[in-house]
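What you see is a predicted model; the values in this text were computed from it and never measured. Start at 1 and go down the list; that is how both ligands and their atoms are numbered. Positions are given from 1 along the sequence.
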Amino acid sequence: MKATYDVREFPLEYPFTISRGTQESAGVVVVRVEDDDGTVGIGGAGPSAHYGETVGTVEAVLPDLLSVVERVGDPHNVARVETGMREVVNDNPAARTAVSIAVHDLAAKRADLPLYEYWGLDPAQSLDTSYTIGIDDAETMREKTRTARERGYGTLKVKLGTPRDEELLSTVREAAPDATIRVDANEAWTPKEAVRNMEWLDEYGVEFVEQPVPAENTQGLKYVYERSTLPIAADESCVVASDVPKIADRCDIANLKLMKTGGLREARRLIHTARAHGLEVMCGCMAESNASIAAACHLAPLLDYADLDGSLLLDRDDFEGVPMPAGHIDLQAVDRPGTGARET
Ligand SMILES: [Mg+2]
């Protein structure tokens, strides 16, 4: 097997602001793993500075990770590839995920099956993704909401965590009276603020609230959970499967992301661990291209909620993936083996 990578930069359609800052483009590292027959598996890393990764850190560790793939030599032994990568680097989850996706894509292509089918999942159990409205001035958020509704997105995720939260949310609700609305505060609120905000969030018909308080404030999360009338999702508080028992008594929904877990096998472990603890499960994403989003889409039958709009937020993506007409992750429309990621 031969493994290579290259770096891309995709501009976002709109500058993307959350409580922690603004991002104008997505740096993506594309990994290719080729078997001796010339079949190529594609994976992607969408590194997140919040978890200590950049395109530069991904590039720094990839040569070592790719040499693990070449050393294992068996495209079907994903377990050994993932274990071998953990022996080479302790952290760097987005870099490891890119390799994990590429090897899964190759294995499913060799079996001539779409990844969900390779996993034995039911494509009819798929979901709609939410579409994220980043923080902006009220007028711009109104326009983005209208555009999202015109494109058919029925579920919106609204980023909050500003002094103007209620104004911003009321603007979005006014522009999308019949949409399902989820809110993500990205750790911005104190526990008391969060509990106060829940009251009006509930009045605007919000479905659930993601990461109201800082991840390190585990007591604060419990305080909010015990007082909130709305379901709570844990994102920054829930990175890998072993985090699930720590949050299980203080949230309703575990939000995994491939770029946090370090691979598709750990992602599935997290899903099953969350279920065993009675939690619902959502899969989110970073600003990512279809080189990685396509793989996450194949987890949809295992999820309760999908927030896989990474490629939808890009102004340009060199890769197409799983079709998402009006936000529906249409696994039944996947007409090729593997993840469906293909360079256009
Ligand atoms: Mg989040």
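Remark: the D317 side chain and the S311 side chain contain an N/O donor-acceptor pair separated by less than 3.5 Å.
Listed by chain and number, the protein N, O or S atoms at a distance under 2.8 Å from the Mg ion (ligand 1) are D184 OD2, E210 OE2, D235 OD2.
When atom types are taken as modelled, the side chain of S228 and the backbone of Y225 share no donor-acceptor pair closer than 3.5 angstrom. Between the side chain of D309 and the main chain of T132, a donor-acceptor pair closer than 3.5 Å is present.
Side-chain contact between K222 and T218: absent, with no pair of heavy atoms (C-beta onward) separated by less than 4.5 Å.
Note: S289 OG to D318 CG = 7.5 Å, rounded to the nearest 0.5 Å.
The side-chain tip of R227 points at the ring of Y223 from less than 6.0 angstrom away and within 45° of straight on.
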